Q: 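Submitted below is the structure of interest, expressed as C-alpha cells.
Chain letters run A, B, ... following the sequence lines, proteins first and then strands; every chain starts at 1. Heavy atoms only: backbone and side chains are in, while hydrogens, waters and symmetry mates are out. Because the structure is predicted, anything quoted here is derived from the model rather than measured.
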Amino acid sequence: MDLETLIPKVGVVTDIRIDTPDVKTFRVVGLDGNKLFEHMPGQCAMLSIPGVGEAMFSITSSPTNKEFMEFSIKKCGCLTSWLHMMEPGQQITVRGPYGNAFPVETALKGKDLLFIAGGIGLAPLRSVINYVRDKRDQYGDIQVIYGSRSKADLVDYQEIINEWMADPGVEVNLTIDREEEGWDGHVGFVPNFVKELSPDLNKTVLLCGPPIMIKFTLAGLKELGFTETQVYTTMELRMKCGVGKCGRCNIGDKYVCKDGPVFRFDELDELPNEY
Amino acid sequence: MQSEMIKRAKELLASGEVARVVGWKAGEFDYDITPGVFTTAEELDSAFLYNDLCEANLSKYMIAQSRKEGKTLVFLKPCDTYSFSQLLKEHRILRENVYVIGVPCDGKVDVDTVKATGLTGICSMTSDGETVTVKTLYGDSTMSKADAMSERCINCKSKKHVVYDELLGEEGDVVADNHRFDMVEKIEAMTPDERFEFWRNELSRCIRCNACRNVCPACSCEKCVFDNEQSGAFNKGASDSFEENMFHIIRAFHVAGRCTDCGECSRVCPQNIPLHLLNRKFIKDINELYGEYQAGENADERAPLNTFTTEDVEPSIVYERGGKQ
Amino acid sequence: MQVKETNEFKPKIVAFCCNWCSYAGADLAGTNRLQYPADVKIIRVPCSCRVNPMFILRAFQRGADGVILCGCHPGDCHYTTGNYYTRRRMTLLFSMLDYLGIEKERTRVEWVSAAEGAKFAATMNDFVATVTKLGENKRLEDLRCKAK
Amino acid sequence: MFTLPVSKLNDLFAAVASTRKLYLPVDDEASGHAEYKVWHEGVTLSNALNTARSAKDFFFPQTENLVDFKMEGKTIEVIDTRTESEDFVVFGVRACDARSFDILDRVFLAEPVDSYYKNRREHGVIVTLACTRPEETCFCTVFGIDPTNPAGDVSGWIAGENLYLSANTEKGEAFLSSVSKLLAESDDEAVKAQQAEVKEILKKLPLGSLDLTPFKPENLLKLFDSKRWKDLSEACLGCGSCTFVCPTCQCYDIRDFDTGHGIKRYRCWDSCMYSDFTRMAHGNPRLTQVERFRQRFMHKLVYYPSNNEGIYSCVGCGRCLAKCPISMNIAKVIKALGEEA
C-alpha cells in the first residue's frame, strides 16, 4: 500500500510548558524518541486526539532543533481544551508537515528581517526567528516587535528575555495593551508601536497576529513607506485534509493548506476577501 | 390569476405597504420554477409566475424574510397556509411583517410524475387546467392534468386557506374524503419482514443531502441535532444502515404533531424516497389514538405531543394494534 | 474453578429508570435479593420524559438487544405530568419502529413505583425472556459497534 | 473495433462477472431511477440516459473508513485498515461521467496521492456507452465533451442490434481480450452513422449554447464581486443535493466515530453549501448562504480551471438541474453572470 498522508503517526508529548493563562507549549517526539519529521519554518502539522478532533497547528520550534518539535497552542475550542488537559507522556497523533514555508532559503536570505507579532501570533514566527538566529551569518539585522494584552499573555516570555534579548544581533521590542504593575516596558497596541519605532524601510516584514491587528499594522507599515511585496503573513484557516483535496480552506483559487499558509500581501490582494 | 397577482403585488409595492414580494420565478423549461424575491414592478413583469407548475411551498422562507426591514408580501396556496400557520404557532414568523395573499390551487403538475411516464427531453410543459402539453426533444404529447399530478395533490387535504390577509380567487373547502392514508395502511398490512424490506429498500437510497430537512417548514431549528457535534447523533453521511434509519425516524419524529403533510420532503428528495409515508404514519397514529388533528389548522389547539390526557392509551397498545405479524 | 462456556444467547438490555420511582424500585429489588439477569444495564434518568427517542435508538446502536423504559405510574410523576408525555411519545415511537419492520417487542414501557421491587424484577425477567426469544438485534444494529 | 449482438449482452456480462464484480445501470423500481448495481443473472441494463447518482461513488464513496485507533490510557495505536481493492468493471458510464474521473484524478492523484482513491481507480475498468437520447438538461458539449464518443478504458456504442467496443487504454485492451471469445471484429460504419444522427439532436439541446467565455481566471475578482450572487442564492435551501449528485464535487469531511471499543476515522462527502463547512473554533468566513452558494460555482467555473489549465470542473451531466429542490442551478448561474459580463 502507498504511503498515506491521512494516516497519522503517533507522537508523545514529553513536556508541557505553561506560557500564559491560555497558551501552553507542547514538546512532541516520535515513539522512538526522535523527531517525527523534518519541516521548514512556517509549515504546519495536524494534531489529533482520536475521538476528540483534529486540527492544524503551526510548528513553533525551529527546524534547527534536531531533537523535538514544539507547538504553542491557545485554548479556544474542543480539541485545544483537551490538549490543555493532557499530562506529559500522553500520546497524540501527528501528520504533516503541510503547507509552504517562509522563504527563508530564498527571498529572505541575507535580508534584514522585522518580525511583528500579536498574542499567539508569535507561534508561527518563533520557528523562523530561531531558525534565523541559528543561521545568524546568513541573514541581516533581526528586529522583533511583539505585543500582547498583558505581561502574562506574552508567549515564550522566558525565551525572549533569556535568549533573544541576550543575542547581540537581535533587537526585541515588547509592548502590552494596558499599564500594569511590574511592567516598565512599552504600553500600547502593536500597530502604533510599529509606527513609533519607525523601522528601517529596507527590512522584510513577517507579520502574524489577530486579523484586526494585521489589518492595522499593515496600514501602518504602508504609511511608513513599506510596500506589500515586503510583507509576509501566515493564514491558518479551517483546514481539514492538509493536502488541498477536502476543499474548504481555499481563498479564491488558492488552498491555504497547500499554497499557503504563508502569503505575501501582494498575493493576497489578488484573492477575494474571504478570510 | 398570474396577472391579478402581479397587479396586486405592484399596487402593494407602489403604496409602500410591502417592501418585497415572495413568489415564483420562471426558469429555463417552464417546469424549473425557483422561489424568488421581487422588489420592483419590472422584476415582477419579467419573471413573476403563477401557474399549475408552481409547486414550491413558500411559507418557510418567511422565517428569514419576516425579519427583514419592512413588510413582505407572500403568495400562499391553501396547503402552504397550514405550514405558515404552524410556523406562526411556533413563533417562528413575525406575523406583523408579513402580508399574506391566499391564491387558489387545484393541484400542481409535477415534472417527476410526468417523467415517470417515460417522457424524456422535456423542453416545455404547459397546463391549461385540464390538459398538460409536453414538448420534448423527441416530439410533443399531451396528458390529462390528473395524470401529471403528484400523489400529494391527487390526495389533496384542503383547498381552504387557514390564514391570509387577502384572498384572490375563490375559496375552497377542506377535502374530507381523501385517500392519503391508503399507502400507510398498505404498509401496515405487510408482515414485519416485508415492512423491513420495504423501508430498507427505500432508506438505503438516502444520500443524506438534507434536502428533506431543509425544505421542511416544520424543521426550523436554529441548529439541527444532526449538525450538532455535541449531540452524539452528529452525522453527515450515513456510514451504516443504522444511521440511515435513525436519521429518518428522528426526522419524522421531530415533526410529529407539527407536520402539516405538505409533502415537500417527498417532492424534493433526489432519490425519490417516499418520506411523507413516515410523516403520515405519525399523523395517522395521532388521529387514531388521540383524536383527529390537523397541524396548522387551528392556532389555539395544543399540538398532540405537547399535551396529554390521563386516559391516554399505554404504549403496549402497539403490541396489539401494530402492523400485521 | 471451571468456567462453563455456553453459546446460549444472552440479550443485552438497557433499562432507563426514572430517579424517583423505578430506580428506587430497582434498588428495592436489589435489597430484597430478588433475582433478575445481570445483563440488564440500568441508566438512571431524572424522569421518564427525559428519555427522547434518540436515547432508545442509540442504545440499540451501541449494542442493546432490548430497551425498556420505566417510570412512575401515571398520576404519580414526581414532576406531576412528565410520564404522561412519555406515554404519548413512546407509543408513537414504538408504533413507528413497528412500521419500519423492527420487532416491537424489543421496546417496552413499564410503570414501576418505588415500592414495587417485585414488579421490577418480574418485569425484567419477563422482558429478558421476550428478547431472548427474539434473538440478537439485527435490524437496528450498527455494525461498527459490533465488530471487536 | 469489436462487436457483439445486443442479444448476447447477457453472455458478455456473465463472462465479465465470472472473474470480477460488474456494475451497470439498472432500473430501480422503487425510485424510478437507474442506479449502478452489481450484475447477477437476471439483471438487465437500463435504457435510461443516466443514473441518478453519479459514478464517482466507485472511486470516492460517500463514506469510507480511513484508519482505526485503539486508545488505552495515554497510548494510541494506529491501525491501518486499508486493503487492496478488488478488480471491478463499470459498464455503461456516459461521456460526462467519464470526464468527471479526469477531473477527480487531478485532485486525488495530485501529490500527495490519495491512496484510497488510487487503489480503487487502479482496480476499476471503465466501459463507457455513447448517448443516443440526450435530455433537455444535458450540456456536456459546452465543456467540449462529445457524448457520442465517450472516453473510458473502453468506449462503447449500442447501435441497432449491436454493441460496439473499442479500447482506449492498456486496461481496456486487457478487458477486451478477456472477453474476446464473444467479440467479432467490425468496421465502424454503424457507429459513425449513429454519431451523425445523435449530433443532429445535440444541436437542438436548449442549453447547448451556454457561453463560458466570462469564466476565466482573469475575471476571478470581478465574478466574485458580482451583485448577482445575492438574488441567485436567495432561495437556496443550503442542502447538499447538488453537491451529492454531482460527479465532480469532491469536498469531504474527516470525522471520528467512537465505536465503544475504538475510534474509527472516516471521511464522508461534505458540501460547501452546508453552514458548518468552513466553521472553525474562531469563527466562520462564509457566514451566509450567499458566500456558500458563490463558492460552489466559483470553484467549478473559476478556481478549478485556474489551477487546472482551464478545465472546468463541471461536465454538464444535468443532475443538479434535475435534482435541485428549488431549481437553481449552474446553467442559470452561467447565464445570469454571463449577462452581467
Q: Between A/K245 and D/Q250, what is the shortest heavy-atom contact and its length?
A: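 Smallest heavy-atom distance, with atoms named: O-NE2, 3.0 Å.
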Q: Check whether A/N250 gets within reach of chain D through its side chain, its backbone, both or neither, counting any heavy atom under 4.5 Å.
A: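 The answer is both parts of A/N250.
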Q: Sort by residue number and list every member of residues 265-279 of chain D having a non-hydrogen atom under 4.5 Å from chain A.
A: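 D/R265, D/R267, D/D270, D/F277, D/T278, listed by number.
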Q: Give, as side chain, backbone, both or neither, the part of D/M71 having an atom under 4.5 angstrom from any heavy atom of chain A.
A: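 Only the side chain of D/M71 comes within 4.5 Å of chain A.
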Q: So which heavy atom on D/D256 is nearest to which on A/V52, and how close?
A: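 Here D/D256 and A/V52 meet closest at OD2-N, 4.2 Å.
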Q: Answer yes or no: are there more than 12 heavy-atom neighbours, outside D/K74 itself, under 6.0 Å from its atom NZ?
A: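 Check passes, neighbour count above 12.
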Q: Could you give the distance from OG1 (A/T93) to CD (D/E77), rounded to the nearest 0.5 Å?
A: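 Rounded to the nearest 0.5 Å, the OG1-CD separation comes to 13.5 Å.
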Q: Looking at side-chain heavy atoms only, is the closest gap between A/E274 and D/R294 below 4.5 Å?
A: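 The answer is yes; the side chains approach within 4.5 Å.
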Q: What's the shortest heavy-atom distance between A/G244 and D/V107, and which atoms?
A: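 Closest approach of A/G244 to D/V107, heavy atoms only: O-CG1, 4.5 Å.
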Q: Counting heavy-atom pairs under 4.5 Å with chain A, which one of D/L220, D/V67, D/I76, D/D253 comes out on top?
A: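 Max contact count across the listed options: D/I76.
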Q: Please report the closest heavy-atom contact between D/L221 and A/L271, naming both atoms and the distance.
A: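 For D/L221 versus A/L271, the nearest heavy atoms are CD2-C, 3.6 Å.
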Q: Which heavy atom of A/C241 sits nearest to which heavy atom of D/I254, and what is that distance?
A: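 Shortest heavy-atom contact: CA-CD1, 4.3 Å.
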Q: Between D/L66 and A/I7, is any pair of side-chain heavy atoms under 4.5 Å apart?
A: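 When only atoms from C-beta onward are counted, A/I7 and D/L66 do not touch, as no gap falls below 4.5 Å.
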Q: Does A/Y98 reach the side chain of D/P112, with side-chain heavy atoms less than 4.5 Å apart?
A: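 A side-chain contact is absent here, since even the closest heavy-atom pair is not under 4.5 Å.
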Q: Heavy-atom distance under 4.5 Å between the side chains of D/D114 and A/L6, does that happen here?
A: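 Yes, at least one pair of side-chain atoms sits under 4.5 Å.
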Q: What part of D/V302 is in contact with chain A, defined as an atom under 4.5 angstrom from a non-hydrogen atom: side chain, backbone, both or neither?
A: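 Neither part.
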Q: Of all the heavy-atom pairs spanning D/T75 and A/Q91, show the shortest one and how long it is.
A: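 Closest approach of D/T75 to A/Q91: CA-OE1, 3.2 Å.
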Q: Given heavy-atom pairs under 4.5 angstrom as the criterion, report whether the side chain, backbone, both or neither of D/Q295 touches chain A.
A: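 It is the side chain, since no backbone atom gets that close.
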Q: Can you say whether D/F69 sits under 4.5 Å from chain A via the side chain, the backbone, both, or neither, judging by heavy atoms?
A: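 Just its side chain gets close to chain A.
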Q: Determine the option with the most heavy-atom pairs under 4.5 angstrom with chain D, choosing from A/G53, A/C249, A/P50, A/A55.
A: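 Highest number of pairs under 4.5 Å: A/P50.
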Q: Chain A: which of D/K118, D/E111, D/R286 shares the most heavy-atom pairs with it under 4.5 Å?
A: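 The candidate making the most pairs under 4.5 Å is D/R286.
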Q: D/R292 versus chain A, heavy atoms under 4.5 Å apart: side chain, backbone, both or neither?
A: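 No part of it gets close to chain A.
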Q: Please look at D/N284 and chain A and tell me whether the side chain, the backbone, both or neither of the residue comes under 4.5 angstrom of a heavy atom of that chain.
A: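 Neither part.
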Q: Taking atom CD of D/E72 as the centre, report whether more than 12 heavy atoms of other residues, nucleotides or ligands fall under 6.0 Å from it.
A: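 No, because the 6.0 Å sphere around CD of D/E72 holds 12 heavy atoms or fewer from other groups.
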Q: By a 4.5 Å heavy-atom criterion (distance strictly below it), what part of D/K264 contacts chain A: side chain, backbone, both, or neither?
A: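 Neither part.
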Q: Please state whether the side chain, the backbone, both or neither of D/Y304 comes within less than 4.5 Å of a heavy atom of chain A.
A: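 Neither the backbone nor the side chain of D/Y304 comes within 4.5 Å of chain A.
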Q: Name the region of D/D258, side chain, backbone, both or neither, that has any atom closer than 4.5 Å to a heavy atom of chain A.
A: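 Answer is neither: D/D258 stays 4.5 Å or more from chain A.
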Q: Checking A/E54 against chain D: side chain, backbone, both or neither under 4.5 Å from a heavy atom?
A: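 Looking at A/E54, just its side chain touches chain D.
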Q: So which bits of residues 73-81 of chain A come within less than 4.5 Å of chain D, counting non-hydrogen atoms only?
A: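 Interface residues of residues 73-81 of chain A: A/C76, A/G77.
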Q: Quick one: what part of A/P88 sits under 4.5 Å from any heavy atom of chain D, side chain, backbone, both or neither?
A: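 It is the backbone, since no side chain atom gets that close.
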Q: So do A/K254 and D/Y303 actually touch side chain to side chain, heavy atoms under 4.5 Å?
A: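 Result no, sub-4.5 Å side-chain heavy-atom pair not found.
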Q: Could you tell me which of D/R82, D/H299, D/M298, D/M280 has the largest number of non-hydrogen atom pairs under 4.5 Å with chain A?
A: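 Among D/R82, D/H299, D/M298, D/M280, the one with the most close pairs to chain A is D/R82.
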